[in-house]
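Sequence lines set the chain letters: A, B, ... in the order given, protein chains first and strands last, and positions in each chain run from 1. We use all heavy atoms of the structure for the numbers below, so side chains are in, but hydrogens, waters and symmetry mates are not.
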Amino acid sequence: ASSDAERLTSLLEPLKTYSADFNQQVASGGGSLQNASGHMWLSRPGRFNWEVSDPYRQTVVSDGQKVYLYDPDLEQVSIRPLDQRVTHTPALLLSGQASELTENYNVSRRQQGTTEFFALSPRSNDSLFESLELVFNNERLSGIDLTDGTGQRTEISFRNIEVNPDISASHFQFKIPEGADVMREGN
Amino acid sequence: CATQAPSQKQDRLPGDWRTQQSQLEALDTWTAAGKVGIRTPEDSQSANLDWTQRNDQYRISVSGPWGTGRNTLEGNGRQVKLTNGDGTFQAPTPEELMAQQMGWSLPLSSLVYWVRGLPDPRGPHRLSEDDVGFPDTMDQAGWHIDYRDWSQADGLWLPRRIIMTYDDIRTTLVINRWQPGQADLP
């Protein structure tokens with residue numbers, strides 16, 4: 001409902017930058033597959049750094065124009081323009097304009113105590129996921145739950161959260177490591 | 001002089017491969033988590049990899065960051081199906097199914113040996129060893145396989161990083177976590 005979308009916008013608008021540790025658990029039919037943790041930085045609009053550090057390493061950085069996916073194990077960097085489709089990833093969803101969010105997703109809200117859940121289902125069906133839920137605890141973003149087309153659930157929870165800290169711009173600039181295979185897609 | 005970087009984990013020693021080779025040949029059950037990267041002239045992909053195997057039954061799942069865009073291949077010696085966001089698909093072989101649904105494929109029936117550092121017994125191969133007697137490179141069925149790194153799990157040395165090339169296809173397989181003998185399969 002529009003009031004749910006307005007409430008979500010009112011919670012996201014003041015969130016200019018955000019920094020937190022995250023724990024990501026991917027659970028599918030066959031029990032939980034991969035647990036991963038790391039740190040993420042966000043600077044709205046359009047910039048984020050999502051760094052998985054354990055048990056594997058993988059970094060996704062958006063500088064506002066391009067999105068870099070760096071996999072140190074594979075020594076591969078893929079660079080893609082920051083475009084609509086990519087906004088269907090959780091990180092970009094959060095760093096986009098609140099209005100972009102409510103334009104592209106139906107928003108429905110429910111509350112349990114001081115926790116508000118905003119379920120977003122994409123209006124277009126080319127999204128990477130079927131439904132996504134933003135979780136706010138005492139009006140502060142505390143988690144994201146994602147379900148993809150195969151019913152696979154990814155649950156992301158945030159800890160050590162800093163809202164609107166100053167984050168140096170270098171966090172959102174990706175330096176291509178020596179010797180990495182670079183793949184530019186669709187620029 | 002170049003000093004050996006002190007490696008915390010125990011090093012692979014000459015003779016280790018010989019003593020564990022029969023165990024590796026007998027190893028038919030594992031859970032492995034890591035990455036797979038494919039590089040062709042037109043396309044390149046990288047994904048997280050989850051591989052569970054027991055005898056000829058397997059579940060291999062590849063997915064992007066945040067577990068999105070997942071493709072899961074489940075099969076046994078006789079039939080195989082692939083499930084992704086668009087539904088469930090079947091084909092006579094896993095290789096065909098991967099090519100149809102994911103645009104790339106790996107020779108799974110041989111990879112089940114290569115991933116343990118072993119040649120596929122059903123065909124000829126050439127093998128070169130490194131300075132401690134472990135497989136260094138292997139050539140089989142048109143593939144050139146480079147064993148770049150090893151890691152130890154439950155006392156077994158298993159490949160950690162494998163580069164496989166075939167004509168202009170370059171595949172990198174990294175196994176970050178080996179769990180030999182474990183498989184959570186229906």
Side-chain angles (χ1 to χ4, degrees), chain A residues 22 24-36 38 50-52 54-60 67 69-79 86 88-93 125-130 132 144-156 180-185, chain B residues 31-52 57-72 74 81-89 148-149 151 160-163 170-179 182-186:
Chain A
F22 65 80
Q24 171 184 309
Q25 187 172 46
V26 183
S28 84
S32 88
L33 279 176
Q34 270 197 345
N35 224 320
W50 192 282
E51 196 178 60
V52 177
D54 177 57
Y56 57 85
R57 286 172 54 227
Q58 194 171 68
T59 302
V60 186
V67 179
L69 170 60
Y70 171 52
D71 194 309
D73 285 335
L74 300 174
E75 291 169 350
Q76 277 177 323
V77 178
S78 78
I79 305 173
V86 179
H88 298 169
T89 61
L92 258 160
L93 207 59
N125 55 21
D126 70 350
S127 152
L128 280 175
F129 51 84
E130 220 165 81
L132 177 140
I144 303 177
D145 294 346
L146 219 100
T147 306
D148 76 3
T150 65
Q152 167 88 53
R153 265 177 71 77
T154 299
E155 285 161 21
I156 301 168
D181 258 355
V182 180
M183 295 151 280
R184 293 178 200 287
E185 295 170 22
Chain B
T31 296
K35 309 286 188 54
V36 58
I38 302 282
R39 176 90 191 222
T40 66
E42 317 82 34
D43 182 21
S44 59
Q45 315 222 354
S46 65
N48 292 325
L49 172 75
D50 291 293
W51 181 348
T52 306
Q57 193 187 354
Y58 55 86
R59 177 179 56 228
I60 295 175
S61 171
V62 289
S63 63
W66 305 293
T68 53
R70 180 175 297 279
N71 279 275
T72 301
E74 285 162 298
K81 66 177 173 141
L82 183 141
T83 311
N84 59 27
D86 305 330
T88 299
F89 306 87
R148 294 282 181 80
D149 192 11
S151 66
R160 196 189 94 73
R161 186 179 177 75
I162 309 171
I163 312 276
R170 183 173 184 281
T171 307
T172 305
L173 192 61
V174 169
I175 309 281
N176 288 317
R177 198 159 60 96
W178 271 104
Q179 293 170 288
Q182 289 185 23
D184 169 14
L185 284 171

B:V62 and its side-chain contact (heavy atoms from CB on, under 4.5 Å) partner, picked from B:T72, B:N84, B:N48, B:N71: B:N71

Residue list, side chain to side chain contact (heavy atoms under 4.5 Å, CB included) with B:T171, at least two apart or on another chain: B:V36, B:I38, B:L106, B:W143, B:M164, B:I169

Closest-packed option against chain B by number of heavy-atom pairs under 4.5 Å, given A:L69, A:V60, A:V52, A:L74: A:L74

For chain A, the option from B:G87, B:G64, B:P65, B:P186 that forms the most heavy-atom pairs under 4.5 Å: B:P65

Contact class of A:I144 relative to chain B, heavy atoms under 4.5 angstrom: neither

Counterpart residues, ring pair (Phe, Tyr, Trp, His ring centres under 6.0 Å), relative to A:Y56 (two or more places apart): none

Chain B contact via A:S78 - side chain, backbone, both or neither, heavy atoms under 4.5 Å: neither

Residues B:D149 and B:R160 bridged, charged N to O under 4.0 Å: yes

Part of A:V182 lying under 4.5 Å from any heavy atom of chain B: backbone

For B:I60, the option from B:D50, B:T52, B:L82, B:L49 that meets side-chain contact (heavy atoms from CB on, under 4.5 Å): B:L49

